[in-house]
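Below, chain A is the first sequence line, B the second, and so on; all start at residue 1. Everything numeric in this text was worked out from a predicted model, so none of it was measured.
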There are 2 protein chains.
Amino acid sequence: MTALTQDCFRALADPTRREILSLLSRQDMTIAQVAGHFDMTRAAVKKHLTVLEQAGLIQTHAEGRERINSFAPQGLRPAVDWLGHFDAFWDDRLTALKSAIEQDQTDA
Amino acid sequence: MTALTQDCFRALADPTRREILSLLSRQDMTIAQVAGHFDMTRAAVKKHLTVLEQAGLIQTHAEGRERINSFAPQGLRPAVDWLGHFDAFWDDRLTALKSAIEQDQTDA
DNA sequence: TTGACATGATACCTTTGGGTATCACACAAA
DNA sequence: TTTGTGTGATACCCAAAGGTATCATGTCAA
């Protein structure tokens with residue numbers, strides 16, 4: 001069940017793909033632009049982009065003869081949600097966030 | 001850089017390993033006990049446990065001739081931290097948490 | 001139309017990964 | 001000590017994954 005979770009984690013398991021996501025989160029890019037950041041062929045990058053797209057982590061749309069790849073943050077939800085099951089185990093993150101919010105309220 | 005992040009995501013990429021983590025988060029177990037939950041040999045489970053341990057996701061200690069495996073939540077931090085870089089993209093989770101905390105404060 | 005460029009797709013190679021089978025070892029109990 | 005059980009480790013098998021090379025397609029510009 002939830003093939004989405006599997007696809008998501010599998011996509012995130014490769015360092016190149018995580019880096020691609022990081023790049024696309026800052027700026028939309030064509031395949032050539034993405035490939036320019038790595039020491040591998042455009043075909044290899046294309047494969048990674050395909051994996052990311054099928055996992056719902058990026059979206060693409062044609063623009064003339066170019067193909068724009070953009071980050072799809074909601075694709076990370078399955079991973080975030082799965083990790084959320086363990087929230088009770090590391091209260092520090094929660095605590096830090098709570099502090100930040102309380103601080104924010106004090107400011108307001 | 002940060003081999004921890006790579007080890008963590010690689011360990012989480014396998015559904016069996018995620019399930020093992022889920023089991024161990026509820027109860028410490030010997031290898032035999034873990035293996036009892038899966039349709040594979042004890043040796044295969046042992047391999048998964050080794051991957052999880054090297055990623056810092058579980059800890060083990062001998063107890064007689066048994067070996068107890070326990071969940072190490074802090075091992076998930078690299079993944080959580082990496083995902084945290086994208087926090088700005090899906091404010092809903094943050095918002096929900098903020099609401100929960102505010103509710104908590106109202107109660108207090 | 002023709003040429004140049006950005007991309008898609010496929011075949012192929014090599015390494016990694018998940019799995020089994022098997023043997024060796026340590027410890028508890030009789 | 002002997003026996004049985006829980007575990008570690010290795011060799012081996014097969015499928016999947018990451019990569020390159022190569023060719024086909026589509027679009028912009030002259």
Only pairs at least two apart or in different chains count here, so list each ring pair (Phe, Tyr, Trp, His ring centres under 6.0 Å) that has a residue in residues 48-78 of chain B. A:Phe86-B:Phe71, A:Phe89-B:Phe71
Ring pair (Phe, Tyr, Trp, His ring centres under 6.0 Å) partners of residues 6-35 of chain A, not counting sequence neighbours, each pair once: A:Phe9-A:Trp82
Treat primed atoms plus P, OP1 and OP2 as sugar-phosphate and everything else as base, then score nucleotides 17-30 of chain D 5' to 3': B for base contact with protein heavy atoms under 4.0 Å, S for sugar-phosphate contact only, - for none. SSBBB-----BB--
Indicate yes or no: at least one non-hydrogen side-chain atom of B:Thr30 is less than 4.5 angstrom from one of B:Ile68. yes
Taking the side chain as everything from C-beta on, heavy atoms only, tell me whether A:Gln54 gets closer than 4.5 Å to A:Thr50. yes
Nearest-angstrom distance from the residue atom [atom1] of [X] to [atom2] of [N]:
X: B:Phe9; N: C:dT16; atom1: CZ; atom2: C1'; answer: 20 Å
X: B:Arg67; N: C:dA28; atom1: CZ; atom2: P; answer: 14 Å
X: B:Leu49; N: C:dG19; atom1: CG; atom2: C1'; answer: 15 Å
X: B:Asn69; N: D:dG8; atom1: CG; atom2: C1'; answer: 13 Å

Does [Y] offer a backbone N or O that forms a donor-acceptor pair with the side chain of [X] under 3.5 Å?
X: A:Arg18; Y: A:Leu12; result: yes
X: B:Glu66; Y: B:Ile31; result: no
X: B:Arg10; Y: B:Ala55; result: no
X: A:Ser70; Y: A:Asp28; result: no
X: A:Ser25; Y: A:Ser22; result: yes

Taking distance alone, no hydrogens or angles, what donor-acceptor pairs closer than 3.5 Å link side-chain atoms of residues 37-45 of chain B to residues at least two apart or in another chain?
residue, atom, partner, partner atom, Å
B:His37, ND1, B:Gln33, O, 3.0
B:Thr41, OG1, B:Ala44, N, 3.3

Could you run down the sub-3.5 Å N/O contacts of the protein with nucleotides 13-15 of chain D?
none

Identify, residue by residue, the members of residues 19-33 of chain A with a heavy atom below 4.0 Å from DNA chain D, and return them in order of residue number, or none. none
